[in-house]
K.L.:
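Next up is a structure, given as structure tokens.
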Amino acid sequence: MECRIGVISGDGIGPEIIAEAKKVLNKIGEKYGHTFCYQDILMGGCSIDAYKVPLTDEAVAAAKASDAVLMGSIGGNTQTSPWYRLPPELRPEAGLLKLRKSLNLFANLRPAYLYEELKEACPLRENIVEGGFDMMIMRELTGGLYFGARKTEEIDGVVTAVDTLTYNENEIRRIAKRGFDIALKRRKKVTSVDKANVLDSSRLWRKIVEETAADYPDVTYEHMLVDNCAMQLVKNPKQFDVILTENMFGDILSDEASMITGSIGMLPSASLNDTKFGLYEPSGGSAPDIAGKGIANPIATILSAAMLLRYSFDLDAEADAVDAAVRQVLKDGYRTVDIMPQSGADGVTQVGTSEMGDLICERIQ
Ligand code: IPM
Ligand code: MG
């Protein structure tokens with residue numbers, strides 16, 4: 001198979017972790033007889049430096065022309081980087097939001113899974129995570145607060161900022177369907193998260209989720225308020241299978257979920273539209289503080305490449321091979337610094353970004 005992959009290395013640790021994911025894809029290509037053609041696409045701070053905007057229309061067109069896009073991370077230190085002295089619509093993150101919207105990537109899948117080997121790195125007590133947990137956060141990605149009208153203005157001498165949270169029933173229905181479809185392939189449980197005790201948008205969310213649920217008699221579902229969900233994630237993460245939620249709640253809860261897996265450096269994600277196209281990226285950020293040091297964890301990006309194989313190209317065996325290689329490398333005791341056990345453990349070796357990529361490649365069967 002020939003696969004055209006747009007590659008957004010981006011900023012910070014982006015180029016380092018992307019290099020490892022490409023290594024792994026190339027290894028898969030060799031073993032399974034596929035050709036991966038990469039096209040570099042600029043987005044984020046590096047695009048601002050080159051073109052004064054975080055994402056050019058040409059870059060959007062290049063992404064659209066690919067079968068899938070693999071992304072590292074974008075952005076820099078919001079306190080110190082000159083990118084954050086630009087107007088908001090010209091900052092790195094605006095590029096990512098524009099790309100998601102232009103490609104209609106409304107369904108964001110963020111799996112959070114506790115590897116047996118990383119129990120040590122999990123900040124929760126052992127009895128809470130006994131037996132592990134395995135959830136999929138389905139975040140709506142092209143609506144809500146992040147895309148509503150916003151402005152800051154002076155009203156009667158008082159500076160006032162406003163953001164708008166809008167959802168229509170169609171936007172809710174299509175993500176709800178995706179959530180229930182995914183649940184059918186998992187443990188058949190959906191927890192729909194909202195703030196229906198306060199927000200109108202959440203009350204509509206709840207109504208549409210209920211209507212959707214009627215078409216999925218095999219899936220059990222429940223509603224949960226977002227504040228309670230934040231609490232339940234650390235109290236009893238095992239209860240969750242699919243968490244279905246709107247844009248901002250999903251942004252926040254997915255960071256929380258990632259942390260209880262041990263490190264945000266472990267979490268892949270896929271952003272999908274109605275076609276086979278997808279944008280695949282680690283859930284973590286650009287980590288400018290460790291950029292260029294060769295210590296970033298490339299696993300989330302490598303697992304994102306596995307999701308790309310699975311969702312955009314239906315290459316399940318190949319994706320399984322990547323997942324298995326990651327599990328094996330952890331079993332064999334290799335860790336990047338973010339997932340090193342606090343109290344030094346026997347048989348555990350600390351490795352850098354590139355070494356981790358090599359070790360995973362060696363384990364691909
Ligand atoms: C994420 C990030 C982005 C988001 C930022 C960079 C705009 O936090 O993918 O979770 O909020 O969606
Ligand atoms: Mg986020």
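Whatever order the structure lists ligands and atoms in, that order sets their numbers, starting from 1. Because the structure is predicted, anything quoted here is derived from the model rather than measured.
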K.L.:
Confirm or rule out an N/O/S atom of D251, from backbone or side chain, lying less than 2.8 Å from the Mg ion (ligand 2).
P.N.:
yes
K.L.:
Answer yes if the side chains of E93 and Y84 hold a donor-acceptor pair under 3.5 Å, and no otherwise.
P.N.:
yes
K.L.:
According to salt bridge (Lys or Arg N to Asp or Glu O under 4.0 Å), does anything in residues 352-365 pair up with another residue at least two apart or in another chain? List the pairs.
P.N.:
K23-D358, D332-R363
K.L.:
What verdict does the side chain to side chain contact (heavy atoms under 4.5 Å, CB included) test give for I208 and N170, after you've listed the backbone C-alpha separation in whole Å, the side-chain angles of each residue and the deciding distance to 0.1 Å?
P.N.:
CA-CA 9 Å; I208 303 297; N170 299 330; over 6 Å; no
K.L.:
Backbone or side chain, does any N or O of R139 fall under 3.5 Å from an N or O of ligand 1?
P.N.:
yes
K.L.:
Please work out, at 4.0 Å between heavy atoms, whether the side chain, the backbone, both, or neither of M71 comes within that distance of ligand 1.
P.N.:
neither
K.L.:
Which of the listed options, M248, E281, R110, holds the heavy atom that is closest to atom 1 (C) of ligand 1?
P.N.:
R110
K.L.:
Tell me whether S283 has any N or O atom under 3.5 angstrom from an N or O of ligand 1.
P.N.:
no
K.L.:
Please say whether D251 places an N or O atom under 3.5 Å from an N or O atom belonging to ligand 1.
P.N.:
yes
K.L.:
Any luck finding a side-chain donor-acceptor pair between S263 and D338 under 3.5 Å?
P.N.:
yes
K.L.:
Name the residue from V193, T191, I175 that meets the side-chain contact (heavy atoms from CB on, under 4.5 Å) definition with L244.
P.N.:
I175
K.L.:
Going by the order shown, which atoms of ligand 1 are within less than 4.0 Å of some heavy atom of Y146?
P.N.:
11 (O)
K.L.:
Nearest to atom 6 (C) of ligand 1, what protein heavy atom do you find, and at what distance?
P.N.:
E93 CG, 3.4 Å
K.L.:
Taking R203 for its side chain and V198 for its backbone only, find out whether a donor-acceptor pair lies under 3.5 Å.
P.N.:
yes
K.L.:
Report the part of R91 (side chain from C-beta onward, or backbone N, CA, C, O) that has a heavy atom under 4.0 Å from ligand 1; answer both or neither where that applies.
P.N.:
neither
K.L.:
Excluding sequence neighbours, so at least two apart, what forms side chain to side chain contact (heavy atoms under 4.5 Å, CB included) with A94?
P.N.:
P54
K.L.:
At less than 4.0 angstrom from any non-hydrogen atom of R100, what atoms of ligand 1 do you find?
P.N.:
1 (C), 4 (C), 9 (O), 12 (O)
